[in-house]
Colleague: 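Below: one structure in structure tokens.
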Amino acid sequence: MSERLASQFDRETRLRLRRVGLGVLSYLMFLVPMSIAVHAGSSTLGWWGVAGFTAAALLVNLVAMIAIATGWSKRFADPSLLVPQLVAAMLLALGMIHYFEGEARSVLLLLFVAIFFFGLFGLDTRQYLRLTTGTAVGYIALTTWELVGADASREAWLKEAIRFSALVVITIWMSFIGGYFASIRRRLAAQRDALERANSKLRELSIRDELTGLYNRRHLTERLEQESERSRRYGQGFSVAIIDIDHFKVINDTHGHAVGDEVLVQFASILRLQARFIDHVGQAPERTLGRFGGEEFMIILPGTNLAGARVCLERMRASVAQAPFETSAGPVTVTFSAGLAEQRQDEAAEALLQRADEALYRAKEGGRDRLELAGMTQ
Ligand SMILES: Nc1nc2c(ncn2[C@@H]2O[C@H](COP(=O)(O)OP(=O)(O)OP(=O)(O)O)[C@@H](O)[C@H]2O)c(=O)[nH]1
């Protein structure tokens with residue numbers, strides 16, 4: 001049953017349905033003292049009456065279950081229908097008590113305690129106090145009607161007064177205690193939400209490079225491993241490029257470290273823009289661009305062969321070289337060199353990176369501002 005519940009409903013709905021189930025269980029449990037009282041002759045209810053009350057209680061719960069399971073209850077502020085269920089339970093309890101006398105009647109006041117405990121699932125103090133008022137008014141109306149009708153003695157009135165005051169004291173206490181638990185629950189929920197938000201922010205920060213906002217080395221390495229694994233499993237190849245700004249040390253030495261940082265940020269945003277550009281028709285898997293360290297960047301291109309990677313990197317190169325970067329120290333000309341490699345079948349990520357790095361070395365040796373492609377054969 002719970003597995004079926006899990007597959008059909010969302011978490012909140014499952015929880016609400018379970019609560020209604022718990023309500024059914026507590027009604028059924030009350031059948032025991034009720035039946036004993038009927039059997040012992042302490043009740044004028046009779047077996048048909050027991051059956052009638054049980055059927056009414058089950059009907060209330062069935063309606064609540066259907067309203068929750070179909071999603072109909074979601075249109076209300078209280079989609080768990082807790083308040084209507086509690087009001088229905090209270091009315092049923094009042095109706096039932098009418099048929100019990102003496103000791104049995106006092107004991108059955110426990111029904112109200114059970115109902116109020118159920119309110120712990122969601123009532124706040126104000127709602128609890130309203131339920132207490134409703135219960136008290138209902139009880140006074142019932143007993144006055146009974147006692148006046150029976151022309152009861154002073155003793156009978158006093159006995160009811162004792163029951164009534166005990167009922168009111170207990171329900172008022174439960175209102176405050178229940179409300180207190182509700183406030184703790186709300187606080188815990190708010191703390192859990194704040195913690196979840198903080199966690200996701202931390203997760204995001206832990207994979208980002210602080211300066212450029214691109215992915216950091218750790219995330220790039222992780223993604224590279226994932227891509228290798230995916231390619232081994234599904235046979236879909238990928239390429240990788242290591243991008244290195246040319247003579248970045250000169251930019252730093254000439255204009256200062258802060259201007260060097262400005263260049264890195266602008267460089268990153270150009271690469272980011274170009275990385276999003278899709279070169280071929282059809283849906284290409286998302287590319288991962290990051291800062292590998294210093295003035296070195298990396299892009300992972302899933303489902304892309306060397307020729308495709310070259311198109312993408314050539315566009316990046318042209319875009320960077322197109323115009324000098326505007327910095328606080330004036331225009332700075334920036335170029336980069338890149339080494340590209342396509343994964344060979346079953347090649348480990350480390351070996352692939354090694355080949356891309358060797359290609360980058362050749363690009364630098366060859367005069368910079370150029371791309372070099374690693375060969376596919378050994
Ligand atoms: N401004 C700035 N500079 C950095 C940062 N990280 C590394 N660098 C500098 O980047 C420079 C890299 O210099 P090199 O490794 O000699 O490379 P290069 O000057 O780009 O020369 P080639 O790569 O051979 O073209 C060093 O001066 C580092 O101090 C950073 O976050 N900000």
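For ligands, and for the atoms within them, numbers begin at 1 and follow the listed sequence. By convention here, the first residue in the shown sequence is residue 1. Just so it is clear, the structure is predicted and the values come from calculations on it, not from any experiment.
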Colleague: Nearest protein heavy-atom contact for atom 11 (C) of ligand 1: which residue, which atom, what distance?
Modeller: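 The closest one turns out to be Phe248 CD2, 3.9 Å.
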Colleague: For Arg163 and Ser106, which I'm curious about, is there any donor-acceptor pair between the side chains at under 3.5 Å?
Modeller: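 Indeed, the side chains of Arg163 and Ser106 share at least one donor-acceptor pair under 3.5 Å.
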Colleague: Checking contacts here: is it the side chain or the backbone of Val263 that comes within 4.0 Å of ligand 1, counting heavy atoms only? Could be both or neither.
Modeller: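 Near ligand 1, Val263 shows nothing, with every heavy atom at 4.0 Å or more.
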Colleague: So if I apply the side chain to side chain contact (heavy atoms under 4.5 Å, CB included) rule between Ser206 and each of Arg218, His219, Lys201, which one comes out positive?
Modeller: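 Of all the options given, the one that passes is Arg218.
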Colleague: Can you name the atoms of ligand 1, numbered from 1 with element, that are less than 4.0 Å from a heavy atom of Asp244?
Modeller: 23 (O)
Colleague: Can you report which non-hydrogen protein atom sits closest to atom 14 (P) of ligand 1, along with the distance?
Modeller: Glu295 OE2, 4.3 Å
Colleague: How far apart are the closest heavy atoms of Thr125 and Ser175, and which atoms are they?
Modeller: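 Heavy-atom minimum between the residues: OG1-O, 3.7 Å.
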Colleague: Record the part of Arg291 in heavy-atom contact with ligand 1 below 4.0 Å; permitted values are side chain, backbone, both and neither.
Modeller: side chain
Colleague: Return the residue, atom name and 0.1 Å-rounded distance of the protein heavy atom closest to atom 22 (P) of ligand 1.
Modeller: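 Nearest protein contact, heavy atoms only, for atom 22 (P) of ligand 1 is Lys364 NZ, 3.5 Å.
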Colleague: Quick test of your reading of the model: are Arg362 and Glu365 salt-bridged, counting only N-O distances below 4.0 Å?
Modeller: no
Colleague: Using distance alone, determine whether His257 and ligand 1 share an N or O pair under 3.5 Å.
Modeller: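 Among all N and O atoms of His257, at least one is under 3.5 Å from an N or O of ligand 1.
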Colleague: State whether a side-chain donor-acceptor pair under 3.5 Å links Gln343 with Ser231.
Modeller: yes
Colleague: Give the residue, atom name and distance (to 0.1 Å) of the protein heavy atom nearest atom 6 (N) of ligand 1.
Modeller: Gly294 CA, 3.3 Å
Colleague: With a 4.0 Å heavy-atom cut-off (strictly under), which part of Asn252 contacts ligand 1: side chain, backbone, both or neither?
Modeller: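 Under 4.0 Å from ligand 1, Asn252 contributes side-chain atoms alone.
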Colleague: Answer yes or no: does an N/O atom from Ile245 fall short of 3.5 Å to an N/O atom of ligand 1?
Modeller: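 Min N/O separation from ligand 1 is below 3.5 Å for Ile245.
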Colleague: Can you tell me which residue and heavy atom of the protein come closest to atom 32 (N) of ligand 1, and the distance to 0.1 Å?
Modeller: Asp261 OD1, 2.6 Å
Colleague: Note the single closest protein heavy atom to atom 19 (O) of ligand 1, along with its residue, its atom name and the distance in Å.
Modeller: Lys249 N, 2.8 Å
Colleague: Say whether Val250, considering both its backbone and side-chain N or O atoms, lies within less than 3.5 Å of an N or O atom on ligand 1.
Modeller: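 No.
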Colleague: Quick one: does NZ or CZ of Arg291 land under 6.0 Å from the six-membered ring centre of Tyr215, within 45 degrees of the ring axis?
Modeller: no
Colleague: Against Met65, only a single residue in Leu81, Val20, Thr70 fulfils side chain to side chain contact (heavy atoms under 4.5 Å, CB included); can you say which?
Modeller: Val20
Colleague: State yes or no: are the ring centers of Phe267 and Phe336 separated by less than 6.0 Å?
Modeller: yes
